[in-house]
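What follows is a set of notes on a single structure, which appears directly below.
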Amino acid sequence: MNSNQIKTLDNQNVMQTYARFDVAVERGEGATVYSPEGKEYIDFTSGIGVNSIGYANKKWADAIYAQAMKLQHISNLYYSEPYTKLAEVLIKRTGMKNVFFANAGADANEGMIKLARKYSFDKHGKGKSTIICLNQSFHGRTITTLAATGQDVFHNYFFPFTEGFKHVEANDIKILENEITNDVCAILIEFIQGEGGVIPLDAEYVKAVADICKEKDLLLLADEVQTGVGRTGKLFAFEHYGVKPDVFSFAKGIAGGLPLGGIIANEKCSAVLTAGTHATTFGGNPVAAAAATEVLSQLDDDTLVEISKKGDYIEKEIKSWNLSCIKEVRGKGLMIGISLKNAVPRATAESCVNNGLLILTAGSDALRILPPLLITYEELDKGLKILKTTLEEIS
């Protein structure tokens, strides 16, 4: 099929819930993808942070094939090897206690919210179930995770939302302290607010939040759906801040392109969810778990260091352009936001696509760069050249 045929079938048969960019993708290799007609695009999106080890990664594909030929699914009514091996790796590398496997970021965050409320119920009974979240946050598109999300743009149409959430400005500890009433059981943060504009939290603020949680026996919850699995140059972003959440969620890049997510808990929270209190059909699926184990094997310590170096390389290069349309460059590792002035992010991203670069937007004013973590410097240079040319056109 050619690109026009694919687009026609989409228009005829698929709910139009996505404002897709005007490009169809047939295949990829490394950090480069191709249309059915063979047009090349450097990919600075990795499927919104999902294709963590790139396209056509042979070891990853071999792991999927080997597992699919043995056991593709058996349900969580029975034991199987792949999810147990994956859990062991995650626990060893994070220093946490145990894991619950889900399907994606939103239902991972749902599970984390349920765990926090049950922890409080078990300890205090009813009436202490409110979770404080941050403005500009994003936690998913279910009714409950939308309620946790601190952006009004996502809230219209879907009322009423799940109760029990408050929202405060990030990096202002006084405002947060004023909202900690007797009904609060947890504080939920993203260390870098991805959908909100790629905005890192201040280190002092994060430490103060962690101290408050410890002092008041509130759970510190972290949404690592976008920041996790090597994206920021650490396996998980909390490692940059010298704190450890009670529970954190993960998804996106964990299985390199297959649906998988979950939550990881510390000792205090490890026994909160008991048989019958939370479940999923597909969580810990054998094929996805095998893929994730291979992803983690490729994201070793040396690779994580290289991710940080690549992030520094990108940031230094963009800042050297001195373009009038660039207001700020921010982020960590291969999670970078470019705040624009006098430019519309969506229109700018569309121009990038026309020039051969896939790039994301974030918040109201930013472009977002989330390339595959194994992107080569040659591919980075190609993509940055296209980005510079595009931004020069609007400066």
Side-chain angles (χ1 to χ4, degrees), residues 75-79 83-84 86-134 137 139-140 142-145 147-148 162-166 180-191 206 209-225 228 236-238 243-251 254 260-284 289:
S75 91
N76 288 306
L77 295 175
Y78 311 101
Y79 300 98
Y83 78 84
T84 59
L86 174 59
E88 181 183 34
V89 173
L90 284 168
I91 297 311
K92 282 184 176 179
R93 293 186 66 173
T94 62
M96 298 289 273
K97 179 61 177 177
N98 57 16
V99 58
F100 174 92
F101 290 114
N103 309 302
D107 65 320
N109 285 335
E110 288 262 359
M112 184 162 60
I113 290 165
K114 287 177 67 176
L115 187 153
R117 289 179 171 172
K118 186 173 184 294
Y119 173 86
S120 181
F121 184 93
D122 291 345
K123 192 164 186 177
H124 304 287
K126 291 182 179 179
K128 194 176 176 67
S129 57
T130 297
I131 297 173
I132 297 177
C133 308
L134 301 181
S137 62
H139 300 296
T142 66
I143 291 297
T144 294
T145 54
T162 306
E163 297 178 349
F165 296 95
K166 295 180 180 182
I180 300 176
T181 47
N182 290 333
D183 61 327
V184 171
C185 69
I187 300 172
L188 171 58
I189 63 174
E190 300 164 279
F191 294 102
V206 170
V209 172
D211 289 343
I212 288 171
C213 286
K214 183 178 290 187
E215 175 192 344
K216 297 182 179 295
D217 192 26
L218 307 177
L219 294 189
L220 177 58
L221 311 178
D223 180 340
E224 291 257 19
V225 168
F236 290 98
F238 66 79
V243 302
K244 196 171 269 191
D246 293 298
V247 189
F248 68 88
S249 59
F250 62 91
I254 185 67
L260 184 66
I263 56 176
I264 299 181
N266 64 8
E267 180 76 38
K268 179 169 75 172
C269 296
S270 62
V272 173
L273 295 178
T274 54
T277 59
H278 196 48
T280 173
T281 296
F282 290 103

> With side chains defined as the heavy atoms from C-beta onward, is the minimum distance between V206 and F238 less than 4.5 Å?
Replying inline: no
>> Distance check, rounded to the nearest 0.5 Å: K126 atom NZ versus S120 atom OG?
In response: 13.0 Å
>> I'd like to know if the side chain of E110 pairs up with that of T142 as donor and acceptor (distance under 3.5 Å, no hydrogens or angles considered).
In response: yes
>> With heavy-atom distances below 4.5 Å as the criterion, would you say the side chains of L90 and I264 are in contact?
In response: yes
> Is there side-chain contact between L219 and Y119, with at least one heavy-atom pair below 4.5 Å?
Replying inline: yes
> Under a 4.5 Å cut-off applied to non-hydrogen side-chain atoms, are L260 and N103 in contact?
Replying inline: no
> With no hydrogens and no angle check, do the side chains of K166 and T181 hold a donor and an acceptor under 3.5 Å apart?
Replying inline: yes
>> So, taking the atom named CZ in F100 and the one named CG in L273, what distance separates them when rounded to the nearest 0.5 Å?
In response: 7.5 Å
> Can you tell me how far the CG atom of L188 sits from the NE2 atom of H139, to the nearest 0.5 Å?
Replying inline: 4.0 Å
> Given side chains that start at C-beta, do those of I263 and F250 come closer than 4.5 Å, heavy atoms only?
Replying inline: no
> Counting distance only, does the side-chain N/O of S137 pair as donor-acceptor with the main-chain N or O of L134 below 3.5 Å?
Replying inline: yes
> NZ of K268: more than 12 outside heavy atoms within 6.0 angstrom?
Replying inline: yes
> Quick one: does R117's side chain have a donor or acceptor within less than 3.5 Å of a partner on C185's backbone?
Replying inline: no
> Heavy atoms, side chains only, cut-off 4.5 Å: are H124 and D217 in contact?
Replying inline: yes
>> So T277 and K118, do their side chains get closer than 4.5 Å, heavy atoms only?
In response: yes
> Of the non-hydrogen atoms in A251 and G105, which two are nearest, and what is the gap between them?
Replying inline: CB-N, 3.4 Å
>> Tell me if a side-chain donor or acceptor on K97 pairs with a main-chain N or O of A265 at a distance below 3.5 Å.
In response: no
> Of all heavy-atom pairs between F165 and C133, which one has the smallest distance, and what is that distance?
Replying inline: CD2-SG, 3.8 Å
> Got a second to check how far D246's CG is from L220's CG, nearest 0.5 Å?
Replying inline: 6.0 Å
> How far does CD1 of I254 sit from CG of L86, to the nearest 0.5 angstrom?
Replying inline: 5.5 Å
>> Could you tell me if T280 and N76 have a donor-acceptor pair between their side chains, going purely by distance under 3.5 Å?
In response: no
> What heavy-atom pair brings A116 and I131 nearest, and what distance separates the two atoms?
Replying inline: CB-CD1, 4.4 Å
> Please walk me through it: do M96 and F248 pass side chain to side chain contact (heavy atoms under 4.5 Å, CB included)?
Replying inline: CA-CA 10 Å; M96 298 289 273; F248 68 88; 3.9 Å; yes
> What distance separates K244 NZ from F236 CZ, expressed to the nearest 0.5 Å?
Replying inline: 11.5 Å
> Could you go step by step and tell me if N109 and T145 meet the side chain to side chain donor-acceptor pair (under 3.5 Å) rule?
Replying inline: CA-CA 7 Å; N109 285 335; T145 54; over 6 Å; no
> Can you find a pair of side-chain heavy atoms, one from L221 and one from I187, that are under 4.5 Å apart?
Replying inline: no
> Just by modelled atom types, is the A222 backbone N or O under 3.5 Å from a matching donor or acceptor in the E190 side chain?
Replying inline: no
> Nearest heavy-atom pair of N266 and P245: which atoms, and what distance?
Replying inline: ND2-O, 4.1 Å
> Looking only at atom types and distance, does a side-chain atom of N98 sit under 3.5 Å from a main-chain N or O of S270, one as donor and one as acceptor?
Replying inline: yes
> Which heavy atom in F101 sits nearest to a heavy atom in G284, and how many Å separate them?
Replying inline: CB-N, 3.3 Å
>> For the residue pair T130 / D183, report whether a side-chain donor-acceptor contact shorter than 3.5 Å exists.
In response: yes
